[in-house]
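Worksheet for the structure shown next.
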Amino acid sequence: MEEEILEDILSGYRGNRSEIVPILQEVQDNLGYLPEKAMTEIAEFIGVPESHVYSVASFYAQFRLLPLGRKRIAVCRGTACHIRGAPQILKTIEQKINLKEGETSEDLEYTLETVACIGCCALAPCIRINKDVSGEMTPEKAELLFSENNKEAENE
Amino acid sequence: MNDKKVLLHVCQGTGCISGGADKVFNQLNELLDNSDYNHNVIVKKTGCHGFCQQGPLIVVEPHGFFYTKVKEDDIGEILKSLEPDGNPVKRLFYHEPLTNQPIPKYNDIPFYKLQTREILRHCGDIDPEDIQDYISIGGYKALNKALLQSPENIINEVKRSGLRGLGGAGFPAGRKWELCRNAKGDIKYVICNADEGDPGAFQDRSVMEGNPHSVIEGMIIAGYAVGAQKGFIYVRAEYPLAVLRLKIAIEQAREEGFLGENILDTNFSFDIEIFQGAGAFVCGESTALVRSIEGKRGWPKPMPRAHTTEEGLWNKPTLLNNVKTFANIPLIINNGAKWFSSKGTEKCKGTAVFSLTGKVVNCGLIEVPMGITLRKIIYEIGGGIAGGKKLKAVQTGGPSGGCIPADLLDMPVDFDSLKEAGTIMGSGGMVIMDEDTCMVDVARYFLDFTQRESCGQCIPCRLGTVQMFKILDDITKGKGRKGDIDLLIELSESIMKGSICGLGKTAPNPVLTTIRYFRNEYEAHINDKKCPAKICAM
Ligand SMILES: Cc1cc2nc3c(=O)[nH]c(=O)nc-3n(C[C@H](O)[C@H](O)[C@H](O)COP(=O)(O)O)c2cc1C
Ligand code: FES
């Protein structure tokens with residue numbers, strides 16, 4: 001399945017060196033991360049050593065080399081969020097779902113990350129769960145959010 | 001109310017959407033579709049109005065009523081208010097925080113009244129996904145006007161305007177354009193820097209989300225002026241909505257003949273592509289950005305090096321400007337250099353856009369003339385410090401900038417004065433800090449950021465920032481040693497001297513400014529093992 005998706009993605013490109021980042025972005029969008037096999041094939045497709053693809057993939061914060069959880073939680077650690085209490089929000093969430101920054105739960109339910117800025121700084125502190133941004137967070141709100149999230153997941 | 005056509009502008013910026021504005025928009029359309037409400041109501045989705053903190057926002061035109069924190073449940077009442085005998089929904093008006101007085105209209109709210117909105121003027125009153133809306137406010141007129149003139153004329157106009165690049169360093173835009181025009185070579189590129197790497201700033205995002213065509217029009221004019229055939233917009237991938245709106249805008253501009261072959265039936269051809277950055281602060285730096293588009297690691301070229309205007313993308317002459325620099329171009333071409341240079345100070349013309357955030361009452365996006373004082377920004381537009389606390393410092397320029405203390409409040413805000421005070425104008429982040437903010441923690445925070453983001457190419461930056469971070473981390477944990485302050489200053493000097501690019505050269509700024517203005521806080525941490533703001537756990 002993964003191979004088909006990859007082939008499908010690659011068919012949309014010409015194989016130029018400058019397409020590496022866009023290809024990696026599309027692959028990650030579809031597969032959730034960058035499997036080693038995919039990077040090997042991309043290297044072959046573009047005609048560069050595997051190490052080049054790896055060096056690009058490991059340079060940019062956006063790329064993930066391991067599978068991610070279904071719920072990707074990104075806590076903003078931007079300046080506006082930091083001085084309005086982002087560290088406490090991160091701590092609360094870490095305790096609530098029992099993960100540290102950068103970790104994914106074994107059942108692949110959650111991944112907890114921090115990001116440089118979500119761009120919603122006027123509503124600091126902010127977090128993002130998958131694509132949804134929640135602003136004006138407080139530790140209490142964060143706690144509630146994850147209790148609700150858990151319930152929702154169980155009901156599904 | 002009368003039965004003339006009523007326009008409801010529903011903000012669909014990232015901030016308002018996070019508060020449920022997308023649901024509000026859908027609910028509004030649904031109610032209008034499924035009932036016999038006033039048929040003279042037109043609903044329009046717009047970009048960011050700037051006052052994100054009060055969102056989701058709806059503006060009723062032509063009355064100018066400004067509804068704040070609108071929920072789905074409020075829509076019925078808003079629609080009722082638009083009927084012939086309806087009254088405005090007072091409870092949704094903005095309430096002045098101190099007096100709790102309701103202020104019904106947009107233009108009477110101090111946050112807006114005291115701004116000079118030029119770049120942001122139409123963010124919030126046009127539909128960013130409909131090129132006709134942009135055209136209806138005079139969009140692409142400037143392009144038409146430009147194509148009737150010689151490229152040299154346009155460059156002269158930009159030079160005369162005094163416009164300085166709004167990406168941070170304030171390099172004169174016209175001069176850069178001229179350098180690129182005069183560079184040898186037939187193939188040239190124009191790049192819009194929309195990386196917005198400062199964590200805590202969102203002004204470029206809001207311009208792209210609210211008025212993407214203004215940036216595109218500016219880029220096309222630049223392409224014509226410097227003799228380029230192709231443009232790139234380098235946007236950070238964390239801005240999916242901006243990417244989407246730019247994509248739509250580019251497609252529509254092609255359909256209308258503003259982009260592509262033989263633009264407006266002239267010999268000039270130009271097209272634009274979007275390139276999504278992948279989350280690296282250093283890629284905002286010109287040479288790193290160029291390498292990133294070329295499909296490489298975003299490693300800056302060591303200085304000294306050729307100018308990007310000579311040797312840029314694929315070694316071709318390349319013009320790189322910030323989002324807001326380009327957004328100013330149609331205004332300058334339409335209104336003239338004189339109009340532009342009538343705003344601002346002697347050396348810094350025009351306006352500046354800031355993301356006003358932190359411990360200030362009114363957080364949001366603001367546009368002010370260059371040279372305005374910090375006091376005006378914080379106390380008049382910003383409504384003062386939240387919770388009646390005392391102002392301690394203002395941070396500008398993000399990780400490359402610094403913190404200036406409350407006693408410099410009457411300093412004019414422009415490239416040169418900020419530099420003198422030890423910080424930089426930056427691209428527009430302005431974070432207000434109150435007495436509960438610990439300045440050592442802030443310095444530690446920024447060095448944590450830069451040591452993560454250092455590209456690792458040169459040793460002074462790669463190792464130096466880590467060392468500085470460790471010292472600061474120790475100080476905030478009560479493990480500071482005598483002599484740490486001097487050591488930080490010494491390290492700063494070496495990093496600034498030895499680093500090969502702007503990231504390292506500016507990384508110590510947050511530490512140096514906090515030592516310069518808040519040395520007593522460092523001393524309290526080191527000597528008395530106390531954090532005066534009670535932020536650091538000691
Ligand atoms: C580390 C670093 C990060 C930068 N980040 C940005 C950025 O996010 N956006 C930006 O426009 N300029 C950024 N710059 C400045 C650019 O290198 C460049 O000067 C600017 O884009 C030129 O546009 P302007 O002349 O319109 O200001 C950065 C510079 C450095 C050294
Ligand atoms: S600082 Fe957190 S959203 Fe910008």
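Values below: every heavy atom of this structure, side chains too, minus hydrogens, waters and symmetry copies. Chain naming here is simple, since letters A, B, ... match the order of the sequence lines and numbering starts at 1 in each.
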So, for A:F59 and B:R297, which heavy atoms are closest and what is the spacing to 0.1 Å?
CD1-NH1, 3.6 Å
Examine whether an atom of B:R205 lies under 4.5 Å from a heavy atom of chain A, and if so say whether it belongs to the side chain, the backbone or both; otherwise answer neither.
side chain
Relative to chain B, which of A:H82, A:R128, A:R17, A:K131 shows the most heavy atom pairs under 4.5 Å?
A:H82
Okay, B:I432 and chain A: the region with an atom under 4.5 Å from a heavy atom over there is backbone
Checking B:Q276 against chain A: side chain, backbone, both or neither under 4.5 Å from a heavy atom?
both
Any B:F275 side-chain heavy atom under 4.5 Å of A:S18 side chain
no
Of the backbone (N, CA, C, O) and the side chain (C-beta and beyond), which part of B:C48 lies under 4.5 Å from a heavy atom of chain A, both, or neither?
neither
If you draw a 6.0 Å radius around OH in A:Y33, do more than 12 non-hydrogen atoms from other residues or ligands fall strictly inside?
yes
Picking from A:A80, A:G119, A:A124, which has the most non-hydrogen pairs under 4.5 angstrom with chain B?
A:G119
Is B:S355 in contact with chain A via its backbone, its side chain, both, or neither, using a 4.5 Å heavy-atom distance?
neither
Answer with side chain, backbone, both or neither: which region of B:F449 has an atom nearer than 4.5 Å to a non-hydrogen atom of chain A?
side chain
Working to the nearest 0.5 Å, report the span between CZ of B:R236 and CD of A:Q62.
10.5 Å
Considering only heavy atoms, which portion of A:E136 lies under 4.5 Å from any heavy atom of chain B: side chain, backbone, both, or neither?
side chain
What part of A:L123 gets closer than 4.5 Å to chain B, counting heavy atoms only: side chain, backbone, both or neither?
side chain
So for atom CG, which belongs to B:N315, do other residues, nucleotides or ligands contribute more than 12 heavy atoms lying within a distance under 6.0 Å?
yes
The interface call for B:A386 against chain A, heavy-atom contacts under 4.5 Å, is neither
side-chain contact (heavy atoms from CB on, under 4.5 Å) evaluation trace for B:K296 with A:S55
CA-CA 8 Å; B:K296 300 176 187 149; A:S55 102; over 6 Å; no
Is it the backbone or the side chain of A:I118 that comes under 4.5 Å from a heavy atom of chain B, or both, or neither?
backbone
What part of B:S206 is in contact with chain A, defined as an atom under 4.5 angstrom from a non-hydrogen atom: side chain, backbone, both or neither?
neither
Would you mind checking which part of B:F281 comes under 4.5 Å of any heavy atom in chain A, side chain (CB onward), backbone (N, CA, C, O), both or neither?
neither
Heavy atoms, side chains only, cut-off 4.5 Å: are B:Y445 and A:I83 in contact?
no
Name the option with the most non-hydrogen atom pairs under 4.5 Å to chain A; the candidates are B:C52, B:P199, B:G295.
B:P199
So with a 6.0 Å cut-off around NZ of A:K37, is the heavy-atom count from everything else above 12?
no
On a heavy-atom basis, the closest approach of B:G200 and A:C117 is N-SG, 3.5 Å
Do you know which two heavy atoms are closest between A:R84 and B:C363, and how far apart they sit?
NH1-SG, 3.3 Å
Region of A:A116 that comes under 4.5 Å of a non-hydrogen atom in chain B:
both
